[in-house]
**Student:** 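Below: one structure in structure tokens.
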Amino acid sequence: MSGLSTTNYLTPSGREEAWRFTPLARLAGLLNADVALEQVASFALSAPQPGVTLESKESEPYSQTTDSATIRARSAVTHAQYLTIAANAEVNDPIVITRTGLSGSAPQATRLQIHVGANAHAKLLIENTGEAIVAEEIEFKLEQGASLHFISIQEWAPKAVQLARHHAIIGKDATFTSTVVTIGGSLVRILPTVEYSGQGSFADLSGVYFATDGQHLEHRIHVDHNIPNAKSRVNYKGALAGDKARTVWIGDVYIRAEAEGTDTYELNRNLLLSDGARADSVPNLEIETGEIVGAGHASTTGRFDDEQLFYLESRGIPAEIARRLVIRGFFSEIVSLIKIEEVEERIMVRIDSELDKVGK
Amino acid sequence: MSTLEIKNLQVSVATEEGFKEILKGVDLTLKSGETHAIMGPNGSGKSTLAYSIAGHPKYTITGGSVTLDGADVLEMTVDERARAGLFLAMQYPVEVPGVSVTNFLRTAATAIRGEAPKVRTWVGEVKEAMSALSMDPAFAERSVNEGFSGGEKKRHEILQLELLKPKFAILDETDSGLDVDALKIVSEGVNRVKGNSDLGIMLITHYTRILRYIKPDFVHVFAAGRIVEEGGPELADKLEENGYAEYVTN
Ligand SMILES: Nc1ncnc2c1ncn2[C@@H]1O[C@H](COP(=O)(O)OP(=O)(O)OP(=O)(O)O)[C@@H](O)[C@H]1O
Ligand SMILES: [Mg+2]
């Protein structure tokens with residue numbers, strides 16, 4: 001990378017591996033070196049909760065990155081928002097974060113850092129709605145024995161553009177669970193990435209995406225097994241319907257030489273509901289040690305299973321309802337992991353209404 | 001009293017080498033309350049007959065007719081056939097991930113009955129039918145057939161038979177993969193439905209064992225895509241003794 005000047009590096013040409021799938025012309029200035037990003041504190045706690053605080057402060061990033069959008073966001077944001085979940089806190093109700101100050105008219109940048117204290121247990125829901133043109137980074141640091149279930153829902157309005165990095169550093173015996181749901185927006189590119197800082201740690205990453213007419217929804221997972229005896233599971237499912245619906249799923253899992261005892265499995269399934277849609281799915285496992293518990297991946301992209309439809313229809317269920325049942329079933333495997341009933345229901349209703357739009 | 005009438009039915013499947021004729025003129029008439037056993041060698045076309053009546057898209061009807069009380073079954077969509085009163089218990093029931101048995105049964109019952117079953121009575125109805133088939137209530141929350149054992153899938157088919165109350169049921173090797181006790185439980189289920197509703201049955205099987213529980217009125221020998229002999233229950237015993245050699249020409 002030494003051959004590239006800084007400017008070039010921050011403004012991808014589209015030839016870079018990391019950007020080759022992304023329609024750069026639709027980034028609305030987010031990666032244009034001539035356009036300054038406006039800093040915004042865009043995360044708002046919807047209700048106060050004991051053991052949970054949110055403040056703005058100058059704070060160094062937890063991690064390193066080569067992602068151009070994140071580097072741009074970091075240079076624009078002087079004051080990150082900082083969410084603390086106190087050590088030993090048992091936060092029973094989900095911490096709900098909504099978005100504020102996103103204009104959708106000019107490119108903005110925002111950063112959130114989340115510190116989960118030792119042995120704290122919490123569930124965090126971030127609901128993304130409305131218009132936005134935003135480059136953002138959310139970093140997580142989980143201390144020893146902590147567990148966090150992070151749920152990120154992209155229900156953006158139709159023109160929204162989001163470039164996001166979700167990076168977790170998982171401590172000893174800690175568990176980071178994430179469920180990413182991406183339905184709205186014009187262009188959404190999310191990097192759920194993970195590294196470990198202590199053994200016995202677990203990253204459980206799941207997600208669903210549903211792209212319709214003209215949407216570009218991209219998820220690039222990166223799991224860095226940088227220490228021994230950590231575990232990861234990745235399970236993403238996507239559906240595509242309508243003309244020029246486009247999804248990209250990249251699953252990079254890197255098992256370093258020192259990462260003995262690693263246990264990892266990643267899975268991506270895509271359901272093509274109509275012609276003219278395109279799903280790219282690229283699992284990529286790089287293994288530098290043979291001393292592991294297990295490592296595997298699977299990826300499928302296909303059309304409807306006619307046998308499933310026939311089975312349902314042969315019980316009197318009309319074709320259109322049968323189709324719905326199968327699609328709902330496809331998504332519900334992941335959506336049901338959220339375990340917040342009204343949120344699950346809302347997502348399924350949204351999926352239904354997307355299906356109504358594409359018809360057939 | 002209903003009649004399912006199959007006349008000179010000819011069916012092909014698309015293969016890599018073009019169309020292959022599988023059913024070569026099947027004639028069979030079923031009336032309510034009757035049980036017809038169909039026995040025949042592997043590959044003779046029994047499942048093809050069952051699927052063709054149910055409307056599986058893989059099969060192309062090239063000739064003949066199927067009518068239910070005079071109505072043209074072959075003109076109906078798959079779901080219309082089920083709503084008209086036909087039921088197929090499949091040899092290999094399909095897994096439908098993410099769709100719970102409860103949701104599936106309720107959606108099917110709503111479609112067949114034309115209105116959603118009353119919540120209060122429905123829950124009891126399902127529980128009772130499951131317990132009669134010795135199915136663990138936990139199955140209700142599992143995905144349709146997903147991870148079910150072979151025998152569990154077959155019980156689930158008969159559970160649907162009990163709840164959907166068709167006029168005619170085609171049981172395609174429902175007895176295969178059942179242990180001795182399960183065979184009895186499943187057979188009792190079929191007989192219960194028959195006792196309550198005058199069900200007509202087409203029972204496809206390789207074994208006379210199930211015929212000791214579900215007594216056939218007629219036995220048909222199926223070979224090379226057509227019915228080659230018909231008789232009473234004694235024909236099944238003869239087949240068990242002698243096999244199909246005399247019906248298979250080449
Ligand atoms: N796609 C296909 N290509 C070629 N042959 C096919 C295809 N589909 C079905 N067949 C053939 O059709 C014939 C009838 O199959 P069918 O499943 O109806 O037999 P069956 O009598 O039910 O057998 P079994 O007792 O083993 O269940 C078989 O020889 C089968 O190989
Ligand atoms: Mg068969």
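Chain A is the first sequence line, chain B the second, and so forth, proteins listed ahead of strands; every chain is numbered from 1.
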**Student:** Taking side chain as everything from C-beta outward and backbone as N, CA, C, O, which of these in Ala322(A) sits under 4.5 Å from a heavy atom of chain B? Side chain, backbone, both or neither.
**Tutor:** neither
**Student:** For Glu333(A) and Ser143(B): C-alpha separation, side-chain torsions, deciding distance, then whether side-chain contact (heavy atoms from CB on, under 4.5 Å) applies.
**Tutor:** CA-CA 10 Å; Glu333(A) 189 202 344; Ser143(B) 291; over 6 Å; no
**Student:** Using heavy atoms and a sub-4.5 Å threshold, report which of residues 96-108 of chain B line up against chain A, by residue number.
**Tutor:** Val96(B), Pro97(B), Gly98(B), Val99(B), Asn103(B), Phe104(B), Thr107(B), Ala108(B)
**Student:** Can you confirm whether more than 12 heavy atoms, excluding those of Arg303(A), are under 6.0 Å from its CZ atom?
**Tutor:** yes
**Student:** Tell me, do Thr77(B) and Glu313(A) make a side-chain contact under 4.5 Å, heavy atoms counted?
**Tutor:** no
**Student:** Minimum heavy-atom separation for Asn145(B) and Tyr311(A), please, with both atom names.
**Tutor:** ND2-OH, 3.2 Å
**Student:** Please state whether the side chain, the backbone, both or neither of Ser332(A) comes within less than 4.5 Å of a heavy atom of chain B.
**Tutor:** side chain
**Student:** Does NZ in Lys165(B) sit with more than 12 non-hydrogen atoms of other residues, nucleotides or ligands closer than 6.0 Å?
**Tutor:** yes
**Student:** How about Glu307(A) and Tyr92(B): do any of their side-chain heavy atoms sit closer than 4.5 Å?
**Tutor:** no
**Student:** What heavy-atom pair brings Pro318(A) and Arg83(B) nearest, and what distance separates the two atoms?
**Tutor:** CG-NH1, 3.8 Å
**Student:** Just checking heavy atoms, which of residues 11-19 of chain B are less than 4.5 Å from chain A?
**Tutor:** none
**Student:** If contact means a heavy atom pair closer than 4.5 Å, which residues of residues 49-65 of chain B contact chain A?
**Tutor:** Tyr51(B), Ala54(B), Gly55(B), His56(B), Pro57(B)
**Student:** Could you check whether atom CD of Glu341(A) has more than 12 heavy atoms from other residues, nucleotides or ligands sitting under 6.0 Å from it?
**Tutor:** no
**Student:** Can you list every ring-ring contact (aromatic ring centres under 6.0 Å, His included) pair that touches residues 312-337 of chain A, not counting sequence neighbours?
**Tutor:** Phe210(A)-Phe331(A)
**Student:** Rounded at 0.5 Å granularity, tell me how far CG in Leu161(B) sits from CZ in Arg315(A).
**Tutor:** 9.0 Å
**Student:** Taking side chain as everything from C-beta outward and backbone as N, CA, C, O, which of these in Pro93(B) sits under 4.5 Å from a heavy atom of chain A? Side chain, backbone, both or neither.
**Tutor:** both
**Student:** Sort Glu80(B) into side chain, backbone, both or neither according to what part of it lies under 4.5 angstrom from a heavy atom of chain A.
**Tutor:** neither
**Student:** What part of Ile321(A) gets within 4.5 angstrom of chain B, counting heavy atoms only: side chain, backbone, both, or neither?
**Tutor:** side chain
**Student:** Restricting to non-hydrogen atoms, name the atom on Gly316(A) and the atom on Ala111(B) that form the minimum distance, rounded to 0.1 Å.
**Tutor:** O-CB, 3.1 Å
